[in-house]
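Per chain, numbering begins at 1; letters A, B, ... match sequence-line order.
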Number of protein chains: 2
Amino acid sequence: MSQSGGRRRPPTIHDVAREAGVSRGTVSRVLNGGHYVSPTAQEAVNAAIRRTGYVVNRHARSLITGRSDSIGFLLTEPQERFFEDPNFNVLLRGCTQALAAHDIPLLLMLAGTEDERRRITRYITAGHVDGVLLVSSHSGDPVAEQLRDAGVPLVMCGKPIGVGSKISYVAADDRDGARDMVRHLVSLGRRRVGMVTGPLDTPGGVERLAGYREVLTEAGIDLDERLVASGDYSRASGEAGAELLLERAPDMDAVFVASDLMAQGVLSTLHRAGRSVPGDVAVGGFDDSSAAVASSPELTTIRQPYDRISSEMVRVLIAQIGGDDPAAVILPTELVKRQST
Amino acid sequence: MSQSGGRRRPPTIHDVAREAGVSRGTVSRVLNGGHYVSPTAQEAVNAAIRRTGYVVNRHARSLITGRSDSIGFLLTEPQERFFEDPNFNVLLRGCTQALAAHDIPLLLMLAGTEDERRRITRYITAGHVDGVLLVSSHSGDPVAEQLRDAGVPLVMCGKPIGVGSKISYVAADDRDGARDMVRHLVSLGRRRVGMVTGPLDTPGGVERLAGYREVLTEAGIDLDERLVASGDYSRASGEAGAELLLERAPDMDAVFVASDLMAQGVLSTLHRAGRSVPGDVAVGGFDDSSAAVASSPELTTIRQPYDRISSEMVRVLIAQIGGDDPAAVILPTELVKRQST
DNA sequence: TTCTCTACTGTGAACGCTCACAGAAGCATG
DNA sequence: CATGCTTCTGTGAGCGTTCACAGTAGAGAA
């Protein structure tokens, strides 16, 4: 287990080879999958590795393979959002775990300012990571295109908007999720269904609104623009949105809110206005983040499968590093019924 | 600026040397500080670097120097706390910035579970980072000692508790900060001053309580254990603590809370109990985190200089990597008066 | 037998850099 | 003139690994 002496020079592949009575090449082959190695040699090498406490020197390996065996998790958002939004938490955790299975460490890079973005882009394009998991809801973010043009394997979380061509992404099926929620509200007999949207320069914002409109139209309910307020995913914008809706459409009997955090804001506005939930107004959220169960009443919401999103992001990225073409993955959402509807 | 061809083999130190008409050695010397290099050669090399777009290959460098030129930011807390506590935000940001000045990337490592801690410890001790910035409030965390014993340069945030010997740390002067706050409360004429402490297995928890007791004693006010409730820095524990205090000491006219997040909980309990702040009860927090100004009324609090804490952590760590002995740095706090007192 | 094919193994040559050393040039000192 | 010192420069070796290649042994086919 632990080394005997105090901080000696760590064992090299050479030491292992000598110990096992084989050549460097054979040890290397064992290390890299064990193809074309006899069971006898395999066994001897593994035993020698255990005895010497050998750990592969990643620098030497990277020098020759040209790969760094590490992956960057790049966030081109203001850092505040990273900490405010509970979704990043699960996403980061999921990616860390998925990469741990490949024994790949994750390099978290925060690039909230223009200056940091330049520095980080340079760092990445210099080949210091093999690929990038990019989280950036904003559209018009040039980083994605820069990295793609530099030939860096890249997977985005959420569908990129307004980007010329082929960039991999993994996203939940926003439109379908929105449809499920609004269908649910309509099935409860609600007819004056409002919506607080996400930012409309993001794919999530656009798609969820589209799903909302589709279902109402299908149900034969006329669209009423007074029932739509726009938000930015923050709790405060949820409060403001709900105030606007109550003012313009006091007869509203349900509201679909494009994020749980905003839905919290909606709940507190409704509470102040003396409306009961779900009695007077049914409220549906989106995300199934920790905010959904921290609210009172607990939110009916659309679960985004962040665990699967993160594992898919990792899978697609690793495939792309291995030479595969960019791919898009859309994952299904799920309606989670709780007390707010 | 940008490379001409499409993703050619990147230029090596050899290409730069040829371009500049000097030897590899001279280029290397320029890259590493430029000692023993003539101004002429210096200039030629720099021009060649610019022309070729050369970037040093860190793997090759690391292979020979044995250093990795990267630093780990290790958090051995449950990941939830990382996202809940706004202090981590500023700490991480500060460290990232301080390291950026040295052009050192920061490897964020989250090790919330026992299993992850093992994996990460192995990773670190294998020499993949040059040093570690460790954030872990819990005492009895074996990771710090393990890393120290393995000879890994290490700086902790906050004074380690119960650890045998020499580990570097940077901390705010908790006791002095607590003294300032309680002195402030007493100077307002308050005599029944309560406290909600932090976890008493952390240095911050212990020291702030000690400061509280010292000042009351100095002011000739008898200590009353009914006025002390213990918390765990979470908002919920602030609410519970305040309820306990109100029950045991209804005549309490001030309360010192060991974190702003807990103070938020205290405020909401006081509000529910119909006590006005600061009229009936003055409330003092600790941290000056974003929670302090997000409260209503805004919190009088003790500012922890997280910007300086982070830059000092980086400074001490880099010095230690350079061979210096472990060091302890205690930074002064500052009383910030707002509306809650 | 002889040839071919497969499974396995060892060896030298890289990868791109730093480091130690040798040596050159310039200048002052004995 | 030799000697020493300082400043600068080039060269070979080597860091620990992978990769391409050559080579061996054994099995099966001709």
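Residues from residues 22-34 of chain B placing a heavy atom under 4.0 Å of any atom in DNA chain D, listed by number, are B/V22, B/S23, B/R24, B/G25, B/T26, B/R29. For DNA chain D, the residues of residues 54-68 of chain B within the heavy-atom distance limit of 4.0 Å (strictly under) are B/L63, B/I64, sorted by number.
Residue A/H14 contributes atom NE2, which lies 12 Å from atom P of C/dG10 at whole-angstrom precision.
Protein chain B contacts DNA chain D over a range whose 5' and 3' limits, counting nucleotides with an atom under 4.0 angstrom from a non-hydrogen atom, are D/dT7 to D/dG16.
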Do any side-chain atoms of residues 34-49 of chain A form donor-acceptor pairs under 3.5 angstrom with protein atoms, and if so which ones, sequence neighbours left out?
unit_1 : atom_1 : unit_2 : atom_2 : d
A/S38  : OG     : A/A41  : N      : 3.2
A/N46  : ND2    : A/Q42  : O      : 3.3

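Applying the side chain to side chain contact (heavy atoms under 4.5 Å, CB included) rule to B/P326 yields the partners B/K166, B/S168, B/Q320; only residues at least two apart in sequence or on another chain are considered. In terms of the salt bridge (charged side-chain N to carboxylate O under 4.0 Å, His left out) criterion, residue partners of B/D69 (sequence neighbours excluded) are, by chain and number, B/R67. In this view, A/R315 and A/E312 satisfy the salt bridge (charged side-chain N to carboxylate O under 4.0 Å, His left out) rule, not counting sequence neighbours. Residues forming a salt bridge (charged side-chain N to carboxylate O under 4.0 Å, His left out) with A/R117 (at least two apart in sequence, or on another chain): A/E114. With sequence neighbours excluded, no residue forms a side chain to side chain contact (heavy atoms under 4.5 Å, CB included) with A/I64. For A/N32, the side chain to side chain contact (heavy atoms under 4.5 Å, CB included) criterion is met by A/S28, A/R61, not counting sequence neighbours. Residues satisfying the salt bridge (charged side-chain N to carboxylate O under 4.0 Å, His left out) criterion with B/R118, sequence neighbours excluded, are B/D115.
Contact of the A/C157 side chain with the A/L134 side chain is not registered, since no non-hydrogen atoms from C-beta on lie closer than 4.5 Å.
Axis orientation changes by 60° from one end of the helix from C/dT1-D/dA30 to C/dG30-D/dC1 to the other, with each end axis drawn from 5 pairs and the value rounded to 10°.
Shortest non-hydrogen contact noted between B/Y54 and B/T12 is CE1-C, 3.5 Å.
Checked by atom type and distance alone, the side chain of B/D130 never pairs as donor or acceptor with a backbone atom of B/I71 at under 3.5 Å.
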